[in-house]
Structure formats: structure tokens, C-alpha cells
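Contents: one structure, followed by commentary.
Remember, it's a predicted structure, so these values are computed and weren't measured experimentally. Every chain is numbered from 1, with letters handed out A, B, ... down the list of sequences.
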2 protein chains.
Amino acid sequence: MPARQPSKPRARRQTSEARPYHHGDLRRVLIDAALQLAAEGAEVSVREAARRAAVSPGAPFRHFPNRDALMAAVAGEAQRRFRAEIEVALNQAPAADPLARFRAFGLAYLRWAMRNPAHFEIISTGRYFAHGSSAELTRDNAELIALTERMLADAAEQGLLRSADLKRIQIAGRALVYGFARMNLDGHFPRWGVEEGETERMAEGVIDLFIAGIAKPTRGA
Amino acid sequence: MPARQPSKPRARRQTSEARPYHHGDLRRVLIDAALQLAAEGAEVSVREAARRAAVSPGAPFRHFPNRDALMAAVAGEAQRRFRAEIEVALNQAPAADPLARFRAFGLAYLRWAMRNPAHFEIISTGRYFAHGSSAELTRDNAELIALTERMLADAAEQGLLRSADLKRIQIAGRALVYGFARMNLDGHFPRWGVEEGETERMAEGVIDLFIAGIAKPTRGA
DNA sequence: TCCCTTATGTAATCATCGATTACATTTCAG
DNA sequence: CTGAAATGTAATCGATGATTACATAAGGGA
């Protein structure tokens, strides 16, 4: 089955069409296939990804030393998308109001997590590839955390917080948001009505509750 | 179970010693082996459980129709232990102070989750066996949730809460505690010092922060 | 242009796993 | 005592991750 030959410099059809012996960008295609696999709820197997790329079961191992490495690459791609969406949200948030930014961050985080549950799972669990397979992912995540720390520090500086224990607030905030995302992921929201938006609205409410809890009460309220 | 009585009430040697053809209580032994497997961080396979029970690879399927059923049984056992510990804690908490009970609940929850991470994972993720394999687990969990709802309702009745949106508070509380447990599970607490108790102390702080956030501020504070 | 090195894909194979089937042994009720 | 039911074994299947030997393509000197 060696391939059919010249004529196409890069077969653009991935759907079982004339593909040259060399694939073009198999690595990329494998990652995409794995992402799609995950999104479909199927478990990601190297062989299935290879199948979808119309390639032999051994081929992926030319691009990834093992399954973990593939999963780490998949996680990297998912994390990139996740982070991009968060940064968009932050750019649209008011620059001067730390708590509003905190809120926007949490909302963007949860929206993405709820709309891409399988990808969020891969990113966040660290159970899909050997711990430390992706230093990039770890660093990336640390930067997001640093972002929230800065927002809280700004809020404290402006006298917006009731407590001075920023570390505690930060961990509680992370736990709240992460917990909400994972509850959604792990099936702890039992068909909350058929309506989809309901979970997102509840996410918003929960974030607001948290912020109200840590914010210094103003005279007016 | 009836077990065998003559000579040995229960063959205590699991290590490849004279074992009668019929095992005694293979079902139980398999569940225990699987629990131990999980606790060791290994992934639970039917074959390995069978191996530890010194039994053929097919034997477990006489007691469980498939792997999912074994995992569901394992989850059931873990859940029983989890719940028992929570109930002990609640029995020691002051009966009249709903928020104190809420706090005790959260603390017991987190302590167990942090000391039995693998078992907590199996209980809470619903990723280890087909959704609905264990109605018992679902019901059990619903009862725990109902417990927290009652505590919050009591607190509201005594005028202890700032907000009347109990559902929101309850979900936020669950998300907070669940999120903290999962952060610990998923490696989001990067070696917080070598000290073990630190995470538990932080758990306490986070719970207190949450309660302070939802509690109606008293004049004195 | 030719050739050779390297990158990339294939084919064949292995061990492990969940699962099923046919068969053996034990247990227990009648 | 006996035969049916329960329980364990052995053999086997298909899928998976992984490795190895080999085939093919691509690209850079000479």
C-alpha cells in the first residue's frame, strides 16, 4: 500500500484520500485527533488516534516516545486555548478594579471548563501523563496563579478586602472555582433542568457570593 | 457469610498457602485487594486483584459481572468508611450551632479526603465505573448533601446568614470543599513544605474563611 | 544528477488487560 | 447419596501500549 505517488505535494484531505507515504504533519494531526477523541468522551488511545490519522499503529511513536508524551502534547494544546480565552476576558475587564478582574477571571475560567470539560480534565488532573511530562504546562499554570495573586494584592492595597490573609483567600478562591468546574465534570450537577445556561448562571452566582464574602462591606450595602 | 468452620475459621494466609478450591470469601478479598491497589497509587486491574487473592484471572468474574461492578463495590466500601468518619465528627459537634456543625462537617470531609486520596477519587469521580452502577453510592451522597442543606436551613432560621440564597451558599460550600480535596488529589499543592499537617491546617483556614464570608457579621466582630 | 544519510511510516510481534467459554471441583439441599 | 448450583481454572479472544526490523521518502552534498 505504498502510497500513491507524486502529484500532491501535501495531501490536504485527511479523510482517507490519496496520502503520500510521508504524512505532512502527523504530529499535529495526532494531537488534533486526540483532542477530538477526548471531546467525544471516548478515552484517548494512541491506536485510535493513529486510525483517525489513517496511519499505522506504530507511526505515532515516531513523534511521541510514548502515550504520555502524546497526552502531554494534547494537554499543552488545550492549555493554550484555555489560557487564550482567559486573557481575552481579562483584556475586556476594567483595568482598575481588581475584584472585577478577579470576577472576570473566574467566570472565563468556569465558562471554558464547562464548555470543554474533557479538555479541562486533561489539563487539570495530571493523571493523564506522568507527572512532570510537561514543564510548560506547569509553568503556564503557575503564571495564571500569579495573575490571581496580583489581583488580590491590588485589591488589598486598595483596601477592598476584609482579611489580610491573601494566601488563604487565594487558595479558597482557587478551590471554589476548581471545585465548581470539577463538580460539573464529575457529574455532581444532576441534570439541573434541561437548560444549559443554568450551570453557567450558577457559576456566576457562586463567584459573586465568594467575592461578596471577602470584600470589605461598604457603608451603602 | 457462612464461611467455613472446621479447623480454620477463615484461612488467614493469603500468601500462596494451602488454600481450598473454594476461596471462602473471594468477593470480599477482591474488594480489599482493589482498595489496597488504589491506596498504593497503582491503577486497579481485575487481574492484579485476582493475583493478590491468589486466584485465576477469570475467578473475579464469578463475583462481578465486569470490572465496573468491582469498582462500584470498591467505591461503596470507600464511601461507607468516608461517611462513617463524617458521622463521628458530626456526633461530636455541638448540636445547637449549625455553623459549627457545618465547619465540623467540612473538616471531617477534607481530613478523610486528604488521608485517603485514592479512595476519595474513586468515590467522587464517577469515572471508575459506568454512571449509575451504584445507586447506593448516589443515594448515600444525596443524604450527605441533604445533611448540609439542613444545617444551612437551621443557620438561616437562627438568623446567622447574610444571604437568603441557601442554594447558592450550599453549592459554593460544596465547590469549595470538593475543590480543595481535588486540588490536593490532583497535585495542585506542590509540596507545601515537607510538613504534612500544613495542608490540613490550610483546609481549616479555608473553611473558616468561607463561614466568615457567609455569616452575618456580629456587632462584636 | 546520483548517492547517502536521516526522517518517517509499515509490518510483525510481545505482554497486559478485560472478557467469554468450556470444563473441573466443591458445596449443599432434598 | 446424589444431582444441581456455586465457584474456580484453563484456554482463548480482541484491544492496547510498546518495540524491532524493514521499507520508503526527502534533502543535501559530491
Side-chain angles (χ1 to χ4, degrees), chain A residues 1-11 14 16-31 33-34 37-38 42-74 127-130 133, chain B residues 1-11 14 16-31 33-34 37-38 42-74 127-130 133:
Chain A
M1 41 226 46
R4 5 316 231 37
Q5 63 253 50
S7 87
K8 298 221 172 187
R10 283 187 55 176
Q14 58 180 16
S16 76
E17 227 266 55
R19 181 176 54 71
Y21 190 89
H22 277 190
H23 188 287
D25 193 356
L26 181 55
R27 180 187 164 86
R28 178 77 230 165
V29 172
L30 287 171
I31 293 176
L37 254 294
E43 67 175 325
V44 180
S45 79
V46 176
R47 289 179 106 95
E48 182 60 26
R51 222 169 277 132
R52 298 212 174 179
V55 102
S56 82
F61 293 94
R62 291 289 176 190
H63 298 270
F64 305 95
N66 50 41
R67 196 193 108 108
D68 274 17
L70 169 59
M71 292 310 293
V74 168
R127 186 169 286 96
Y128 289 91
F129 44 93
S133 280
Chain B
M1 248 12 71
R4 48 241 249 28
Q5 33 238 117
S7 71
K8 300 220 175 188
R10 284 187 58 176
Q14 57 181 14
S16 75
E17 228 264 55
R19 180 175 54 71
Y21 190 88
H22 277 190
H23 189 288
D25 193 354
L26 182 54
R27 181 188 163 89
R28 178 78 229 162
V29 171
L30 287 171
I31 294 177
L37 254 295
E43 66 174 325
V44 180
S45 78
V46 177
R47 289 178 104 94
E48 181 60 26
R51 223 170 275 132
R52 298 212 175 179
V55 102
S56 82
F61 294 94
R62 292 290 177 190
H63 299 270
F64 305 96
N66 50 40
R67 196 193 106 109
D68 273 16
L70 169 59
M71 292 310 292
V74 168
R127 186 169 286 97
Y128 290 91
F129 45 93
S133 281

Spacing of [X] atom [atom1] relative to [N] atom [atom2], expressed in whole Å:
| X | N | atom1 | atom2 | value |
| --- | --- | --- | --- | --- |
| A:Asp25 | C:dG9 | CG | C1' | 14 Å |
| A:Arg67 | C:dT16 | CZ | P | 19 Å |
| A:Leu26 | D:dT24 | CG | P | 19 Å |
| A:Arg47 | D:dT16 | CZ | P | 6 Å |
| B:Glu43 | C:dC17 | CD | P | 8 Å |
| A:Glu48 | D:dA18 | CD | P | 16 Å |
| B:Arg62 | C:dT21 | CZ | P | 11 Å |
| A:Asn66 | D:dT19 | CG | C1' | 12 Å |

**Report entry** Validation row: B:Arg52, B:Leu37 side chains within 4.5 angstrom (heavy atoms)
**Finding:**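 They are in side-chain contact.
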Query raised in the report: Once you round to the nearest 0.5 Å, how far does OG of B:Ser56 lie from CZ of B:Arg47?
Result: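 Between atom OG of B:Ser56 and atom CZ of B:Arg47 there are 9.5 Å.
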Requested in this report: Would you give the length of the straight line joining atom CE of A:Met71 to atom CD1 of A:Ile31, rounded to the nearest 0.5 angstrom?
Outcome: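 With rounding to 0.5 Å, CE (A:Met71) is 11.0 Å from CD1 (A:Ile31).
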Report task. For D:dT16, take OP1 and OP2 only and decide whether either is under 4.0 Å from a side-chain N or O of A:Arg51. Result ->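 A:Arg51 to D:dT16 OP1/OP2: side-chain N or O found under 4.0 Å.
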Query raised in the report: Can a side chain N or O of A:His63 be found less than 4.0 Å away from OP1 or OP2 on C:dG9?
Result: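 For C:dG9, OP1 or OP2 has a side-chain N or O of A:His63 closer than 4.0 Å.
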Query - Per B:Phe61 side chain, nearest of listed nucleotides C:dA19, D:dG8, D:dT19 - result: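 Given the options C:dA19, D:dG8, D:dT19, the side chain of B:Phe61 is closest to C:dA19.
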Requested in this report: Identify which nucleotide among C:dG9, D:dG8, D:dT16 has an atom closest to any side-chain atom of A:Ser45, counting heavy atoms from C-beta outward.
Outcome: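 Nearest listed nucleotide: D:dT16.
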Requested in this report: Please answer whether the main-chain N or O of B:Val44 pairs with a side-chain N or O of B:Arg67 as donor and acceptor at a distance below 3.5 Å.
Outcome: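 Pair found, side chain donor or acceptor close to backbone of B:Val44.
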